[in-house]
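These notes are about the structure you will find just below.
Excluded from the calculations below are hydrogen atoms, water molecules and symmetry mates; all remaining heavy atoms, backbone and side chain alike, are included.
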Amino acid sequence: MSENNINTKDFIIGTLVGTIVGASAALLFAPKSGRELRDDINQGATQVKYRAGEWKDVAQEKSSGWKDKAYTTGSELRRKAMDTTSQLTKNVSQKTMEVKDNVVQKSKELKDNAIQKTQELSDDASQKAAEVKNDTNQKAAEVKSDVSQKAQEVKKDVTNKTQEVKNTAASQSKNAAAAKSNNNASKKPAADPKLKTNTNK
């Protein structure tokens, strides 16, 4: 009988401790705000207190001798729950501060990285713009040189063609003049031979 009472007592203590540890772990690792976390801790403490009362009633039903032990155990568990709740609150506050510090540090690192990346992008953009400008200037100079060269070639071609046209016109003019004088010579009347003989006499 006494071994059975010890086992029951160990079972009750183990259940309550397991409940407290499980609730504490769930509260610590749950992603909640500080107010919600405190509310959950208080609710957990209330549940622990409520369960301690339930187990006290169960112990009272089982035996009257167990009543005092259960009451003592319940009181101890309440005290432990309050101590645990207090410790959990301290741990949560500490963890909250650590998380806050980590968030501030990470935010600063992200901001610094963003500024650095922005500067790098700005430098790259400036460099690319300078390269594009240089390329544009170079291409413009090449195009200008090509246009100037083509203009010189066209001018030379025009001058040559003009000279050829002048030469052709002069040649045709000479030919026309020669043809005209040949025509005029062929149109003159031939001298009458009789007249020649008369004048000779």
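- For the pair Asp83 and Arg79, the salt-bridge criterion is met [side-chain N within less than 4.0 Å of a carboxylate O].
- Side-chain atoms of Thr118 come within 3.5 Å of backbone atoms of Ala114 as a donor-acceptor pair (strictly under, hydrogens ignored).
- Inter-residue side-chain proximity for Lys117 and Glu120 is flagged as met; some heavy-atom pair is nearer than 4.5 Å.
- Here the straight-line distance linking atom CD of Gln152 with atom CG of Asp157 works out to 11.5 Å at 0.5 Å rounding.
- Between atom OG1 of residue Thr136 and atom CD of residue Glu131 there is a gap of 11.5 Å, rounded to the nearest 0.5 Å.
- Applying side chain to side chain contact (heavy atoms under 4.5 Å, CB included) to Thr89 and the options Val92, Asn91, Thr85 leaves one that passes, Thr85.
- Contact check for Gln43 versus Gln47: side-chain heavy atoms found under the 4.5 Å cut-off.
- Linking ILVMFWY residues whenever their side-chain heavy atoms come closer than 4.5 Å, directly or via other members, places Ile13 and Val21 in the same cluster.
- For the pair Ile115 and Gln119, the minimum side-chain heavy-atom distance is 4.5 Å or more.
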(message) What verdict does the side-chain hydrogen bond (donor to acceptor under 3.5 Å, both in side chains) test give for Asn167 and Gln163, after you've listed the backbone C-alpha separation in whole Å, the side-chain angles of each residue and the deciding distance to 0.1 Å?
(response) CA-CA 6 Å; Asn167 291 340; Gln163 190 62 41; 3.2 Å; yes

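- The NZ atom of Lys49 sits 14.5 Å away from atom CG of Leu16, with the distance rounded to the nearest 0.5 Å.
- With Thr159 contributing its side chain and Lys155 its backbone, the two residues share a donor-acceptor pair below 3.5 Å.
- Taken to the nearest 0.5 Å, the OG atom of Ser148 stands 10.0 Å off from the CD atom of Glu153.
- Ile20 CD1 to Thr84 OG1: the interatomic distance, rounded to the nearest 0.5 Å, is 5.5 Å.
- To the nearest 0.5 Å, the span separating CE on Met82 from CG on Leu88 amounts to 13.5 Å.
- Using a 4.5 Å heavy-atom cutoff, the side chains of Lys139 and Glu142 are in contact.
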